[in-house]
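I have placed the structure first, in the form of structure tokens, so that the comments after it can refer back to it.
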Amino acid sequence: MKSQQTSIDYDANWLNGIAYEVAFWNNVYRWKRTFTGMMNWSHYGSAICLEAFDANSFLTAAADKPLVLDVGCGMSYQTGSLLKTDGGTQPLDIRYIDPLAHYYNEILKRSKRPMPPIEFGMLEYLSAFYEPESADLVIVQNALDHSARPMKGIVEAMRVLKVGGVLYLNHHPNEAETEQYKGFHQYNIIDDNGKLLIWNKHESLSVGDTLNGFATVETIRCENQHVVAILRKTANVPESLLEDNKDKKELCLLMMQCHKQGHSLRRLLDYKFDYWKFNTVQFFVQALPWGVKMKLKKLIKQA
């Protein structure tokens, strides 16, 4: 029988992955070539564009002033910041949201890149940051499988969406398996014959079964193997799924654990060592040509 893993364990693993993420983005923004390459790939400054989903048409039909939440955005600004209309384009009310916003905004300040600040927020508690039934579109790309409680995150996103709103998911299949459950990679996402599953070594969750009665789930397997899911809210989220007493208990415990560890010189040195280790590696990696980086990444994954 496989051993069970608690939410606190997942939170601890997630916290341990912060150093790598911060070091990665620090070096993407450090080098002009890598930043420019990212922005050439990004849709920032142009009409919203999502793989396998016509977000622009959906939003122009949804509301006069639609609200879009890009949750777990990192620092890529990949979604697009304009809405294309018959009269041209207009600014889109899109919020770039990430739990590492504090770190990312420090990188923005230090690098002097002219990008909008990132708002602090967590998918698992999204309705604590945005009013229920306030958003038209919630986007989560390559981030749901990084969260400590992915199914709770989906439920929270559905709570924040208006009825008729869409939660858009786009992920690499089985990323935790590929990354050997390191850092943020604690869950896998897969399209199993049209059924959206979130799984790891300890549990397997069916998104459609959980959302049955208040949302529909459409999955698309793209040519590049990305798993895209379009989740449409059809009714309000049942109150039984919004109970949060267990979450409060676990968060209080986690807060006290973090406080205790914060007074540990060893824990502080461990984090600093991890950050500077990753930062040094990324300093050289991000300076390499794109093709060389992809070959190295492939070799590391196969190791």
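Taking NE2 of H226 as the reference point, atom CG of D191 lies at 14.0 Å (rounded to 0.5 Å). To the nearest 0.5 angstrom, S81 atom OG is 11.0 Å from H43 atom NE2.
The pair K195-D192 fails the salt-bridge criterion, with no side-chain N (NZ, NE, NH1 or NH2) lying under 4.0 Å from an Asp/Glu carboxylate O.
Using modelled atom types, one finds no donor on one side chain facing an acceptor on the other under 3.5 Å when comparing Y103 with N105. Side-chain atoms of Q78 and D70 include no donor-acceptor pair closer than 3.5 Å. Counting only N and O atoms by type, the side chains of E156 and S127 include a donor and acceptor under 3.5 Å apart.
Heavy-atom contacts from other residues, nucleotides or ligands closer than 6.0 Å to CD of E223 number 12 or fewer. Other residues, nucleotides and ligands contribute more than 12 heavy atoms inside 6.0 Å of the OH atom of Y130. With a 6.0 Å radius and a threshold of 12 heavy atoms from other residues, nucleotides or ligands, K84 has its NZ atom at or below the threshold. Around the CD atom of Q225, the shell of radius 6.0 Å holds more than 12 heavy atoms that belong to other residues, nucleotides or ligands.
The closest side-chain heavy-atom distance from Y20 to D274 is not below 4.5 Å. Taking 4.5 Å as the limit, some side-chain heavy atom of K233 sits within range of a side-chain heavy atom of E133. Counting heavy atoms from C-beta outward, V227 and L196 have side chains that approach closer than 4.5 Å. Taking the side chain as every heavy atom from C-beta outward, V138 and V71 approach each other to under 4.5 Å.
With sequence neighbours left out, R30 forms a side-chain hydrogen bond (donor to acceptor under 3.5 Å, both in side chains) with N27.
Of the possible polar contacts, one joining the E243 side chain to the N245 backbone as a donor-acceptor pair under 3.5 Å is found. With D136 contributing its side chain and L67 its backbone, the two residues share a donor-acceptor pair below 3.5 Å. H171 places a side-chain N or O within donor-acceptor distance of the main-chain N or O of A143, the cut-off being under 3.5 Å. Between the D209 side chain and the N212 main chain, no donor and acceptor come within less than 3.5 Å of each other.
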Sequence neighbours excluded and cut-off under 3.5 Å, please list the side-chain donor-acceptor pairs for residues 93-100, or say none.
unit_1	atom_1	unit_2	atom_2	d
D93	OD1	R95	NE	2.7
D93	OD1	R95	NH2	3.4
D93	OD2	R95	NH2	3.2
D98	OD1	L100	N	2.9
D98	OD2	C73	N	3.3
D98	OD2	G74	N	2.9

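Here the rule is side chain to side chain donor-acceptor pair (under 3.5 Å) with N26, and of R110, E21, Q282 only R110 fits it.
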- request: Run the numbers on N224 and E51 for side-chain hydrogen bond (donor to acceptor under 3.5 Å, both in side chains), then give the verdict.
  value: CA-CA 11 Å; N224 57 13; E51 186 177 23; 2.8 Å; yes

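For F214 against T210, the heavy-atom pair with the smallest separation is CE2-O, 3.6 Å.
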